[in-house]
Protein chains: 2
Amino acid sequence: MKDDDLILSFDTATNNCSIAITNGDFGQGQVLGSLSLNSGVTHSKRLLTAVKWLMQNLELALADIAAVAVGLGPGSFTGLRIGMATAKGLCHGSSKPLVGISSLDAIAAGVYSEKLICVVMDARKKEVYSCFYRCNPGKIARRCSQPVVLPPQELAEQISEPVIMAGDGIDVYNAVLADVLGDRLETATPLHRFPEATNIGFLAATEHADENYLDLDQAKPDYVRSSDAQLSLVSPIAKGKARNQ
Amino acid sequence: MKDDDLILSFDTATNNCSIAITNGDFGQGQVLGSLSLNSGVTHSKRLLTAVKWLMQNLELALADIAAVAVGLGPGSFTGLRIGMATAKGLCHGSSKPLVGISSLDAIAAGVYSEKLICVVMDARKKEVYSCFYRCNPGKIARRCSQPVVLPPQELAEQISEPVIMAGDGIDVYNAVLADVLGDRLETATPLHRFPEATNIGFLAATEHADENYLDLDQAKPDYVRSSDAQLSLVSPIAKGKARNQ
């Protein structure tokens, strides 16, 4: 870990716009500043304004930042594209490297439990994005599965042990999840509903130390599910429709 | 719990200025927005500006807020006075009730562990403010001692079981604490160094539901330790000095 390597991080995978400036990792790190705004306003309207406000109030310029880190998703396709486009813009403009961190990991990293941890993000269309995690004693949550998109009931049926769930999907699908899991279901506090930029910053510190950067020309969000536009390209019905238009 | 009772909360007990707008408690609550700024700038310069910025970005006015909640300390005397004065000003101006929450509790509430939880805030003068907490399974930390101010070594010597420590005192006194506690000492992640306004908001929701408000004329911070000014009033040497001035 380099000394004094400030990371500007943000996540726009959900309605919540989360921004942070951190230094270091979960072991020795420090939060210099953070903000989150959860309202109906589109991320394109407020993300850069909020980044600018935060940096000004910390008396920092982009030149003081060592790397930019962005939440890769999954989540809202539009939100993710705005986040990635903004991150690329900032990096191109300032010649800073870009780190990508899963938005699921950015939720899980804030939860500490000896139980199985399951992140559940609302994916619309009666589905959730989900991934499983476990904590070693005194350590942050680490993935023990791959991210998937599936109906919440199908997810719950895969779980045979006590579980703590985090992410905004637990508010949307609480009844379905509680119905299958019963007493085995514990819900994380409301502090663990959305991907937190502070967690992205701390996770990104390791990637930055390893110089594990994204290619600015090639980098794209991790949608986990194909977009409607992509789906219609491979669907004969959609193709037919497109042809007739 | 009333529906849609927004609480504006902030804490200025440490160098970190933390502000949040929340709705509800730890069970069913929601963070509408939050921000934290940890820099050398005095709270008097930025607290109100930051509150205003946050509310504007959430398209909220003071009229939309049900109550104001302030971190009572312990911590920096000047910081606490600025926080309390600002909270009283906002409440007087808008006829909103004021809730007070311990800044120690606002650190502990974010930590979940089956171990004993100990909050340690730097109190300068080679002392720490401290208080012990325990979590029932799936519940937030609750106090199991009264707040005290004492040398960190004396604190560590009182602890005979595995403990997780949170608060900025663990960075300042890590060597002393680790020396006495050895393997029994676990350090919470850097997310739990400062009193978080989101926690104050969630804790204040219960006080608000019970209409457990502070008297705007009488309310003062909980300093835990007497101020230098107060100490010199009762010290014969200081009295003599004052007399000779």
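Predicted, not measured: the structure shown is a model, and the values here were computed from it. Worth knowing before you read on, the calculation uses all heavy atoms, side chains too, and leaves out hydrogens, waters and symmetry mates. Here is how names work: the chains are called A, B, and so on, in the same order as the sequence lines, proteins then strands, and each is numbered from 1.
Of all the listed residues (A:Ile164, A:Asn57, A:Leu191), the one sharing the greatest number of non-hydrogen pairs under 4.5 Å with chain B is A:Leu191. Residue with the most contacts toward chain A among B:Gly110, B:Cys17, B:Pro190, B:Gly33: B:Pro190 (heavy-atom pairs, distance under 4.5 Å). If you tally non-hydrogen atom pairs under 4.5 Å between each of A:Ala50, A:Ser34, A:Ala188 and chain B, the highest count goes to A:Ser34. Interface summary for chain B: among A:Lys45, A:Glu114, A:Gln28, the most heavy-atom pairs under 4.5 angstrom belong to A:Glu114.
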May I have the step-by-step check of side-chain hydrogen bond (donor to acceptor under 3.5 Å, both in side chains) for A:Thr42 and A:Ser44, ending in yes or no? CA-CA 5 Å; A:Thr42 169; A:Ser44 60; 3.2 Å; yes
I'd like to know whether A:Tyr129 forms a side-chain hydrogen bond (donor to acceptor under 3.5 Å, both in side chains) with A:Asp122, so could you lay out the CA-CA distance, the side-chain angles of the two residues, the decisive distance to 0.1 Å, and finally the verdict. CA-CA 6 Å; A:Tyr129 299 115; A:Asp122 182 17; over 6 Å; no
Take B:Ser39 and B:Arg46 through the test side-chain hydrogen bond (donor to acceptor under 3.5 Å, both in side chains) and record every step on the way to the result. CA-CA 11 Å; B:Ser39 70; B:Arg46 66 183 170 195; 2.8 Å; yes
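With a 4.5 angstrom heavy-atom cutoff, B:Asp171 does not touch chain A via any of its atoms. Looking at A:Ile19, neither its backbone nor its side chain comes within 4.5 Å of chain B, counting heavy atoms on both sides. For a residue to count as touching a neighbouring chain, one of its non-hydrogen atoms must lie under 4.5 Å from one of that chain's; by this rule A:Glu196 does not touch chain B. For A:Asn15, no part lies under 4.5 angstrom from a heavy atom of chain B. B:Phe194 does not touch chain A: none of its heavy atoms, backbone or side chain, sits under 4.5 Å away.
Between B:Cys144 and B:Arg134, the shortest heavy-atom distance links the atoms SG-CG, 4.0 Å. For the pair B:Ala197 and B:Ala20, the tightest heavy-atom approach, listed with the atom from each and the gap, is CB-N, 3.5 Å.
Not less than 6.0 angstrom separates the ring centroid of A:Tyr112 from the ring centroid of B:Tyr112.
A salt bridge does not link B:Glu161 with B:Lys115: every distance from a Lys NZ or Arg NE/NH1/NH2 to an Asp or Glu carboxylate oxygen is 4.0 Å or more.
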